[in-house]
Amino acid sequence: MSEQNSMKKIVIHSAGGYDKLKIEQHPLPSLSQGEVLIKTKAIGINYADCCVRWGVYESAKKFVGWPITPGFEFSGIVVESKSNKFKKNDEVFGLTRFDAYATHVKVPEYQLFIKPQKLSFSEAAGFTAAYMTAYHALFHHLILPEKAHILVHSAGGGVGSCLVQLAKVKNHKVYAVVGSSHKVNFVKSLGADHVIDKSSQDLWGEIKKLTPDGLDLILDANGPETFRKGFHHLKPMGKLMVYGSHTLLPKKGGKINYLVTGFKLLKNFYINPIKLISENKGVIGFNLSFLFEHTELFSECIHQLIKWYEEGKILAPKTTEFAFEDVAKAHQMIESGQSTGKLVLVV
Ligand SMILES: NC(=O)c1ccc[n+]([C@@H]2O[C@H](COP(=O)([O-])OP(=O)(O)OC[C@H]3O[C@@H](n4cnc5c(N)ncnc54)[C@H](OP(=O)(O)O)[C@@H]3O)[C@@H](O)[C@H]2O)c1
């Protein structure tokens with residue numbers, strides 16, 4: 001395989017720790033009509049990539065299996081195009097269902113966008129997955145009252161920091177929750193009305209004081225640790241939106257202790273749908289990685305998000321860069337729960 005016809009990919013052959021992230025040489029993919037090949041400049045890291053490595057990510061099991069190259073988002077330069085929308089040397093960014101941890105990525109044209117000039121390649125690589133998730137959560141599933149009272153868990157993280165900003169674009173009241181004190185100022189700078197540091201404050205006591213009538217919406221990717229109490233703090237017509245369960249998973253070591261996870265699962269919150277009728281509350285769940293066939297979602301979200309970015313209503317993601325070869329360090333960092341904003345691999 002010559003250097004010119006090949007690419008480097010990070011490949012995982014079976015579930016496990018950081019040592020499973022192997023850099024391999026593979027042939028460049030060939031393109032079908034409507035597809036584009038991009039030489040990546042930067043790749044966004046998402047918490048879900050660790051779940052893929054652990055072998056617990058449902059859509060990875062369903063759509064790929066082993067071996068798998070993780071990665072949902074990237075930025076780079078078009079090297080070959082079978083699309084009328086993109087040409088060689090265009091600076092682009094986009095989404096893919098896996099395979100972004102590579103020097104080259106092939107995507108259908110609807111998953112690709114021209115990079116705004118003032119967005120750096122690193123910022124562009126970290127823009128799509130988190131902002132799209134936040135946009136989908138807030139604007140595709142429910143109709144919120146004006147100035148809704150919204151609680152955002154893990155508000156200093158990738159998705160959380162986008163949720164705070166998008167909720168403020170619509171003038172809602174945002175109660176942002178963080179798990180460590182060093183995240184407080186960052187989340188305040190995003191415009192949150194109140195930041196609750198659950199490492200030093202009583203989360204639900206504070207919420208009761210701040211919103212005695214209850215919350216309109218809770219955005220929760222924590223899992224059983226907060227589902228039940230959150231549900232009880234909703235006001236009538238309030239919604240609990242569930243889109244992850246990271247507190248079931250380890251913060252260090254890179255490996256799942258299934259006994260600990262199983263024990264935590266015993267505390268899971270089960271809801272009887274009939275009870276929802278008299279409570280006047282709702283529970284909603286989603287996972288975007290199962291929605292890639294809904295192509296209309298992509299352009300609507302991204303065009304609106306780019307517009308808001310260009311109007312100064314939302315910020316470029318705060319990024320921390322890692323070299324492509326240091327992917328294990330990036331996984332270690334996002335797993336620790338200590339990172340703020342987005343982590344990206346620089347190719
Ligand atoms: N359903 C979807 O379509 C979708 C799409 C994207 C992301 N997600 C989910 O959204 C969540 C955030 O994703 P992200 O990529 O933006 O990550 P992130 O928020 O940058 O990092 C995860 C955050 O979760 C918190 N956390 C709590 N317990 C943890 C634990 N045991 N291990 C690690 N972190 C823990 C930490 O913040 P605090 O300690 O401050 O709470 C940490 O910063 C993840 O659960 C992810 O799977 C879902």
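Every number for a ligand or one of its atoms is a count from 1 in the order of the listing.
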Apply salt bridge (Lys or Arg N to Asp or Glu O under 4.0 Å) to Lys198 and list each qualifying residue two or more places apart in sequence or on a separate chain.
Glu225

For ligand 1, output the ligand-protein N/O contacts shorter than 3.5 angstrom; if there are none, return none.
| residue | atom | partner | partner atom | Å |
| --- | --- | --- | --- | --- |
| ligand 1 | 1 (N) | Tyr243 | O | 3.0 |
| ligand 1 | 1 (N) | Phe286 | O | 2.9 |
| ligand 1 | 3 (O) | Leu288 | N | 2.7 |
| ligand 1 | 15 (O) | Tyr47 | N | 2.8 |
| ligand 1 | 16 (O) | Gly158 | N | 3.3 |
| ligand 1 | 16 (O) | Val159 | N | 2.8 |
| ligand 1 | 19 (O) | Gly158 | N | 3.4 |
| ligand 1 | 20 (O) | Gly158 | N | 2.9 |
| ligand 1 | 24 (O) | His246 | ND1 | 3.4 |
| ligand 1 | 24 (O) | His246 | NE2 | 3.2 |
| ligand 1 | 31 (N) | His246 | O | 3.1 |
| ligand 1 | 31 (N) | Leu249 | O | 3.0 |
| ligand 1 | 37 (O) | Lys183 | NZ | 3.1 |
| ligand 1 | 40 (O) | Gly179 | N | 2.7 |
| ligand 1 | 40 (O) | Lys183 | NZ | 2.9 |
| ligand 1 | 41 (O) | Ser154 | OG | 2.8 |
| ligand 1 | 43 (O) | Lys183 | NZ | 3.2 |
| ligand 1 | 43 (O) | Gly337 | O | 3.4 |
| ligand 1 | 45 (O) | His246 | ND1 | 2.8 |

Given Lys168, Lys188, Lys147, the one that forms salt bridge (Lys or Arg N to Asp or Glu O under 4.0 Å) with Asp193
Lys168

Between Asp220 and Thr226: side-chain donor-acceptor atoms closer than 3.5 Å:
yes

State which residues pass salt bridge (Lys or Arg N to Asp or Glu O under 4.0 Å) with Lys209; sequence neighbours excluded, sorted by chain then number.
Glu206

Taking only Lys NZ, Arg NE, NH1 and NH2, and the carboxylate oxygens of Asp or Glu, determine whether Glu335 and Arg53 approach each other closer than 4.0 Å.
yes

Do any pairs count as a side chain to side chain donor-acceptor pair (under 3.5 Å) and have a residue in residues 104-116, sequence neighbours left out, and if so which ones?
Ser83-Glu109

